[in-house]
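All remarks here apply to the structure that follows.
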Number of protein chains: 2
Amino acid sequence: MTASRPRRATLPDVAALAGVSTAAAGRALGGYGSVSEDVRRRVAEAARQLNYRANRLAASVRTGRTDTIGVVCADIESPFFARALRGISDVAHEHGFSTLVTNSDEDLASEREAVQLLLHKQVDGIICAPADVTQVDHLAQAQTGGTPVVLFDRVSDHLEADAVVVDGMKAAYQAVRRLLDLGHRRVAIVAELRQPREQDWARFLTPRTEVSLGELSPSEARLLGYLRAHWDAGVPVRRELVRRTGTYAAEAAYQQTKRVLALKNPPTAVFTVDNLMTVGAYRAIRDLGIAVPDRLSVVAFDDLDWTVLVSPALNVIAQPVYEMGAEAARRLIRRLRDPEPAPPGTLFMDVTLVERESVAPIPT
Amino acid sequence: MTASRPRRATLPDVAALAGVSTAAAGRALGGYGSVSEDVRRRVAEAARQLNYRANRLAASVRTGRTDTIGVVCADIESPFFARALRGISDVAHEHGFSTLVTNSDEDLASEREAVQLLLHKQVDGIICAPADVTQVDHLAQAQTGGTPVVLFDRVSDHLEADAVVVDGMKAAYQAVRRLLDLGHRRVAIVAELRQPREQDWARFLTPRTEVSLGELSPSEARLLGYLRAHWDAGVPVRRELVRRTGTYAAEAAYQQTKRVLALKNPPTAVFTVDNLMTVGAYRAIRDLGIAVPDRLSVVAFDDLDWTVLVSPALNVIAQPVYEMGAEAARRLIRRLRDPEPAPPGTLFMDVTLVERESVAPIPT
DNA sequence: TTGAAAGCGCTAACAC
DNA sequence: GTGTTAGCGCTTTCAA
């Protein structure tokens, strides 16, 4: 026979032991209403004796608030989101909020599921990096239901919400433009581009300015920057240099990079659009034993701790990741606190082009 | 005047619209008890119409379960924990659990706070990488209160709980022993060793076997393996080659490594005990322009994606990180499901010594 | 300042 | 299979 563990102590238990009403005990422990110093002490002592553990769920059912922010990362293993998460949770913690973190793996169905979960758990608000900026009905629904949403890393034209992002198009433009200005004429790009929306793709390759960032995934935006840099510089875009992995995986980037470097007329520079693409591409370059920057210049989106460990150190586009997370949290909390908040807006944060050793000019 | 948003629909609302009792609606939506197909359909339809959102908090208050696992990481930004977290949450998800993730930053006070938070939020169980294996009273208290705990990455002699770890001592022993067998006589080690428990430290440097893993932090365990390898090989330990950063920071490792490499009689090999130490140490090696492995052999604890990107690729001790996380979750869930669980035990998982290009023998 | 009592939204007994 | 009812643990009127 097992000794049946005694029921966990509840507020009435504490109140009884302290010789006060449940309400008084609640006030003493919860720090609301007013209680005499005497009661406060007795209740605290009783709580200690009974090893009382407050049930914030019950409180939340009553108050309707959970003091919790839900976060939907696209890939929690990526250093980008890990760092952003810190920014988010530091700010949240500072304001008395906890964070409930979920992961979508850049998959729309998982994201929907994650958002449902967060809503069921009654989070006060949601920070989300949407897997597909054109499919955000579930987020709109959350807002309709009274749960504010802040977009992170991606804006959407289909959702009226605060957003914190960088202008990936502009950043890519500058980085690629620099390569072209240095004389490069064959610059490869390695990107996911998961939704091959055929018409968009065709549209993409035609010079035009009428594309909104709020319709593009980060990798699409960065590709567009790449394209525009070419158009503006009057350098023709070579389709064989635009490498689409179709999937968010280093291995695919590895394959694509190997293939592009094996062309009869290989690129003299390569631009990778994120973490995983960079890892894959760089591994290919290493395996092929290609000299950087002598035979190939390299520029990567996102700074990573290892980009200074390889030789030569990589030129990168660095995002203010921590600050982006922090700012997203700040905006959400502001909206939660303020009953009459300002209309939502998009905050564009500045990137930094970090020049290191992986880029060289083409001798003329 | 703002249109006051209508109250969120509740179960009684749905029930009313569907023309059934609250209980029936609950059963239909919650998937418990038995309901006719007809009722199920009407309720589902009503829920849809009202944009009903279940409140799982309320359910949890009633049932006493939250189907949530609390996790206390020591550093969520480290690839180690990020990957482990995936293992945890994949398994959790598979079994219908969510995860509530917190972070201690290897700080005991933060860890205590995190555990309190998790308990207040009524998580069903906790997976924790304790910041200090000798200070685990808060975890013991959680268990006493009926919330099972599984230790992750670290065992403690002061807590009777399941644990999933690797034998860092043995792994370090093997790696260092290999270096010694290759003729190295001056092998440096770079480690945190945050608690300089003076007596232990003295004890450490004296050959003896009576040290339990459950009293050591990971970095201490790895240091011990390093020491034992020396003792067994009959190679004297040089105190100036044991570099203690005292803090979990790459920068400190950078400084320590620079210093040790600047010795009049520098090491011919260096062993780094984790992620951050490796990043810092390797940066120092790179900055100093020291040829690896010709002038210096390098072995690192933990595999990281960049260890194959640098030239030469690093020899590493790889842990089955994902599996460790997954297994920790499995053990916790087993304990949650099984009312009469087996006595707790420690699972030691095997590491892999990955030979790459950063180690060379010393010519005799 | 304090206590009694109602009720947050849900599930579990138990009767029908 | 379905409804009635009690109650999870807490906070919040409201009256004293």
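Below, chain A is the first sequence line, B the second, and so on; all start at residue 1. Not measured: the values here are computed from a predicted model.
Residues A:R86 and B:D75 are paired through a salt bridge, judged by an N-O separation under 4.0 Å between the basic side chain and the carboxylate.
A distance of 8.0 Å separates CG of B:L57 from NZ of A:K121, quoted to the nearest 0.5 Å. From B:Q141, atom CD reaches atom CZ of A:R53 across 8.0 Å, with rounding to the nearest 0.5 Å. Going from atom OG of B:S217 over to atom CD of B:E106 covers 8.5 Å, rounded to the nearest 0.5 Å.
Mapped onto DNA chain D by nearest heavy atom, B:R62 and B:V35 fall at different nucleotides, with B:V35 at the one closer to the 5' end.
Regarding B:L11, its CG atom lies at a distance of 18 Å from the P atom of C:dG7, rounded to whole Å. In this entry the distance linking CG of A:N55 with P of C:dC8 reads 18 Å, nearest Å. For B:D13 and C:dC8, the CG to P distance is 11 Å, given to the nearest whole Å. Put simply, CZ on B:R56 is 14 Å from C1' on C:dG9, counting in whole angstrom units. Atoms CZ (A:R42) and P (C:dT1) sit 15 Å apart, rounded to a whole Å. Here the C1' atom of nucleotide C:dG9 and the OH atom of B:Y52 are 7 Å apart, to the nearest Å.
Listed for the B:T66 side chain is a donor-acceptor partner under 3.5 Å among the backbone atoms of B:Q122. The backbone N or O of B:F80 lies less than 3.5 Å from a partner atom in the side chain of B:S78, making a donor-acceptor pair.
Extent of DNA chain D lying under 4.0 Å from chain A heavy atoms, first and last nucleotide in 5' to 3' order, is D:dG9 to D:dT12.
At the heavy-atom level, A:S34 lies under 4.0 Å from base atoms of the strands shown. The residue B:R27 sits close to a base: some heavy atom pair falls under 4.0 Å. Residue contacts shown for B:A23 include a base, since a base heavy atom lies under 4.0 Å away.
Within the 4.5 Å cutoff, the side chain of B:I88 has no heavy atoms near those of the B:L332 side chain.
When the side-chain nitrogen and oxygen atoms of A:T22 are compared with OP1 and OP2 of C:dG3, none of them lie within a distance under 4.0 Å. Regarding contacts with the backbone of C:dG3, a side-chain N or O of A:S21 is found under 4.0 angstrom from either OP1 or OP2. Applying the 4.0 Å criterion to OP1 and OP2 of C:dT1, one finds that A:Y32 has every side-chain N and O outside that range.
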Item to check | Step-by-step salt bridge (Lys or Arg N to Asp or Glu O under 4.0 Å) determination, A:E45 to A:R41 | outcome: CA-CA 6 Å; A:E45 171 55 20; A:R41 258 210 332 282; over 6 Å; no
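Over its length, the helix from C:dT1-D:dA16 to C:dC16-D:dG1 turns its helix axis by 30°, as judged from the five terminal pairs at each end, rounded to 10°.
The side chain to side chain contact (heavy atoms under 4.5 Å, CB included) check on B:V165 picks up B:V155, B:T346, B:F348, with sequence neighbours excluded.
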